[in-house]
2 protein chains.
Amino acid sequence: MGRKRTKSGKIRLAEVAELAGVSPITASRFFRNPEALSVAKRTRVESAAKELGYVPNLAARALASQRTEVIGVLIPSLTNNVFSDVLRGIYDASEGSRYSIQLSNTRYSILQEEKLLRLFLAQKPAGLIVTGIDQTAESRAMLEAADCPIVQIMEIGPSPVDMMIGFSHYDAARAAIAHLFAQGHRKIGFVGARMDPRVQRRLDGYVSAMKDAGLFEQRLVVTTATPTSVTLGGALFTDLLAHQPDLDAVFCANDDLALGVLFECRRREISVPEQIAIVGFNDLEFMASAVPTLTSVRTNRYEMGKTAATMLIEAIEGRRPEQPVLDLGFKVIERQSSSSRQSDNRPAVSAGGAPNKMVALPSSHD
Amino acid sequence: MGRKRTKSGKIRLAEVAELAGVSPITASRFFRNPEALSVAKRTRVESAAKELGYVPNLAARALASQRTEVIGVLIPSLTNNVFSDVLRGIYDASEGSRYSIQLSNTRYSILQEEKLLRLFLAQKPAGLIVTGIDQTAESRAMLEAADCPIVQIMEIGPSPVDMMIGFSHYDAARAAIAHLFAQGHRKIGFVGARMDPRVQRRLDGYVSAMKDAGLFEQRLVVTTATPTSVTLGGALFTDLLAHQPDLDAVFCANDDLALGVLFECRRREISVPEQIAIVGFNDLEFMASAVPTLTSVRTNRYEMGKTAATMLIEAIEGRRPEQPVLDLGFKVIERQSSSSRQSDNRPAVSAGGAPNKMVALPSSHD
DNA sequence: AGGATCGTTGACAGCGCTACCAGCAACGAC
DNA sequence: GTCGTTGCTGGTAGCGCTGTCAACGATCCT
């Protein structure tokens with residue numbers, strides 16, 4: 001064909017335009033806003049592009065248009081399977097769109113987050129997804145000054161930077177404790193690891209529920225800054241028992257800990273739920289499969305990621321959601337590990353949050 | 001200071017150069033190869049950049065230099081915690097380097113992989129990390145024609161595209177079965193889900209080991225294409241028992257399945273390991289914590305990701321490793337779930353591959 | 001029919017950076 | 001002293017694309 005090529009051997013827009021018999025700028029428009037072209041030219045450009053196997057040069061586009069098609073995502077951890085669910089949702093929602101995901105790991109450090117934020121913002125991302133509501137003042141200022149849509153995920157709070165999607169960890173913990181109260185438990189311990197802001201708020205919810213009932217005691221709480229694990233759940237529970245041998249229930253800040261507690265109970269031949277009830281948090285898949293099955297607070301992690309990315313993309317393209325703050329709620333899934341001592345297992349659940357139309361909500365789960 | 005700014009309000013290289021009293025190209029060199037500058041100019045540019053808070057425009061750099069500083073990563077799943085460990089290694093290794101990670105999910109489809117590969121390659125990545133050795137012919141051709149370093153991860157095989165890091169799933173499965181044989185087990189079932197190429201090779205290893213011992217029977221194998229889960233482990237095990245009630249051990253293609261089998265045994269009051277031994281694969285954290293503790297084949301996932309990214313970056317910068325194929329090996333971690341019926345628990349382990357940082361290959365390759 | 005409006009198209013001028021090559025001083029070998 | 005070297009620096013010319021604005025014909029209204 002003798003087309004002239006760039007050094008790199010790649011097809012440029014100009015070649016496509018030439019083959020299609022239009023100007024480069026018209027070809028350019030085809031890729032950004034095909035509706036603006038007449039049908040005739042549109043099909044001509046389309047087939048020319050296909051024939052040549054044209055792939056746009058994103059760097060050139062970014063340079064010329066002064067913006068990128070990158071969605072920055074800041075999450076505190078890659079290990080935690082809570083985030084992998086959220087991420088999966090984000091990636092799923094971004095697939096098929098023109099936007100690509102740029103992921104960075106803050107390692108639970110808001111200083112690191114600030115640094116990464118500065119880096120991201122310098123590249124003019126199309127949008128940003130950040131975790132939580134506990135940014136540094138500097139980060140907060142940067143976010144507010146940013147000229148792109150932003151979604152805060154994982155929790156909801158009083159003053160969103162822009163959009164926000166999550167649920168109340170505080171309320172969720174309170175609901176878990178209320179459930180245990182309803183089952184007749186009184187000496188309810190709390191086991192928590194990592195103690196990031198969201199876990200902290202679960203602890204706050206626990207404390208307030210216990211205080212409301214006049215049952216709070218400091219030694220019912222065992223926490224550590226160490227990253228969570230199943231093994232750690234066993235260790236923390238051991239600690240808890242040492243301080244409080246007459247425990248009748250444990251609320252674990254996540255499911256890994258709960259599984260660890262379950263195993264530890266088995267090791268010590270403590271029967272669950274007869275002697276001690278266990279409630280976890282997140283409702284990971286294995287909770288329903290354990291023996292006994294484990295009660296947990298279901299959170300809509302995948303949905304959270306997916307909806308966050310969807311909202312963000314909509315906003316980037318100018319269609320801002322009428323409802324910028326979305327509470328995805330939670331649901332206490334009662335299973336054997338906390339079922340009532342007297343009756344067997346009526347499948348009571350208590351849900352929280354404000355279900356909303358943008359997503360199919362908790363009521364429809366399980 | 002009255003510096004003139006670009007519309008976007010951002011500081012450009014030219015401004016830094018002006019403040020430093022050098023030409024733009026000299027300033028540019030500072031960021032790419034500081035050694036090439038005289039010490040005087042180097043410090044001048046450095047302080048000017050710091051004073052202005054200069055952040056390079058990556059799009060402009062990519063356009064001008066005809067290459068990006070992006071490492072493309074193609075993995076089949078974001079859910080699977082095996083990959084999240086690998087990813088964590090990759091991200092850790094990329095941190096502090098100039099390269100950023102671009103992640104894409106092939107969803108276990110080699111057609112999808114081919115499509116993503118085409119997309120990636122068009123953007124001239126600095127390097128590529130791809131999962132496994134089972135690409136389509138077209139993908140393979142693209143990879144071979146690519147002018148950037150490439151690392152294949154997760155397994156090793158005969159003809160690397162470029163670099164390769166992983167271990168032999170086949171040998172690992174054989175080692176697991178050998179361990180069970182050593183413990184006196186004969187009727188050993190296989191439970192597998194998803195059945196991606198790596199799980200398939202584990203199955204192949206199992207089959208060959210069983211055949212070698214004259215113990216293979218088709219009905220000892222239960223697999224499904226369904227994605228793996230703990231619950232599924234229980235279900236597949238139930239199936240297996242139905243076909244083969246006199247089973248004395250189960251080799252699970254991953255640890256989630258193994259946990260599911262353990263729970264199912266508990267549900268059925270089958271004692272582990274007395275009646276049935278269980279061996280998993282990957283050695284996830286919870287295996288050591290379960291009751292009984294669960295034997296598994298340890299694989300070096302984090303290290304795999306980290307080393308892959310490190311090797312790749314080295315290669316990008318022109319320092320190719322002297323050993324482009326790395327076998328990270330595996331290790332059978334014996335725990336209670338498969339400990340010998342007669343003796344109690346001597347901590348025997350059998351390792352495979354060459355768990356070494358930069359050295360030779362395992363003898364055992366087929 | 002005349003003018004206004006809309007939809008469609010193209011010319012031009014960069015976006016911010018780096019590849020390439022030339023220039024220049026300092027230095028050593030003959 | 002002359003001629004290469006070497007080491008550092010700068011000028012020029014784009015990289016491939018899109019924002020802006022102007023121009024054009026077609027359509028619509030009064």
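Chain letters run A, B, ... following the sequence lines, proteins first and then strands; every chain starts at 1.
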* Under the side chain to side chain donor-acceptor pair (under 3.5 Å) rule, collect the residues that match up with A:Glu317, sequence neighbours excluded. => A:Tyr99, A:Arg319

* **Strand contacts (DNA chain D) in residues 36-49 of chain A, 4.0 angstrom heavy-atom criterion** => none

* Got a sec, which residues hit side chain to side chain contact (heavy atoms under 4.5 Å, CB included) with A:Ala59, two or more places apart in sequence or on another chain? -> A:Asn57, B:Ala62, B:Leu63

* side chain to side chain donor-acceptor pair (under 3.5 Å) involving B:Thr310 - partner list, sequence neighbours excluded -> none

* **Residues in side chain to side chain contact (heavy atoms under 4.5 Å, CB included) contact with B:Tyr302, at least two apart in sequence or another chain** => B:Arg88, B:Asp92, B:Lys306

* Less than 4.5 Å apart, any side-chain heavy atom of A:Gln102 and any of B:Ser100? -> yes

Identify every side-chain donor-acceptor pair in residues 151-166 of chain A under 3.5 Å, counting partners at least two apart or on other chains, and give the distances.
residue, atom, partner, partner atom, Å
A:Gln152, OE1, A:Val161, N, 3.0
A:Gln152, NE2, A:Gly132, O, 3.3
A:Glu155, OE1, A:Arg201, NE, 2.6
A:Glu155, OE1, A:Arg201, NH2, 3.0
A:Glu155, OE2, A:Arg198, NH1, 3.1
A:Glu155, OE2, A:Arg201, NH2, 2.9
A:Asp162, OD1, A:Arg320, NH2, 2.3
A:Asp162, OD2, A:Ile150, N, 2.8
A:Asp162, OD2, A:Arg320, NH2, 3.4

* What pairs of residues pass the side-chain hydrogen bond (donor to acceptor under 3.5 Å, both in side chains) test when at least one of them lies in residues 34-46 of chain A, not counting sequence neighbours? -> none

* Upstream residue (5' side of DNA chain D) when A:Ala59 and B:Ser23 are each assigned their closest nucleotide -> B:Ser23

* **Test side chain to side chain donor-acceptor pair (under 3.5 Å) applied to A:Thr106 - qualifying residues, sequence neighbours left out** => none

* Taking five pairs at each end of the helix from C:dA1-D:dT30 to C:dC30-D:dG1, what angle separates the two helix axes (nearest 10°)? -> 30°

* Between protein and nucleotides 21-26 of chain C, map the contacts as a letter string: B base, S sugar-phosphate only, - none, heavy atoms under 4.0 Å, written 5' to 3'. => ------

* Separation of A:Phe30 atom CZ from D:dT18 atom P, in whole Å? -> 13 Å

* Asked: Got a sec, which residues hit side chain to side chain donor-acceptor pair (under 3.5 Å) with A:Tyr91, two or more places apart in sequence or on another chain?
  -> none

* Asked: Do the side-chain N or O atoms of A:Ser28 get closer than 4.0 angstrom to the phosphate oxygens (OP1, OP2) of D:dC17?
  -> no

* Let me know the distance between CD1 of A:Ile25 and P of C:dT9, rounded to the nearest Å. => 12 Å

* To do: Applying side chain to side chain contact (heavy atoms under 4.5 Å, CB included), name anything that partners A:Ala14, two or more places apart in sequence or on another chain.
  => none

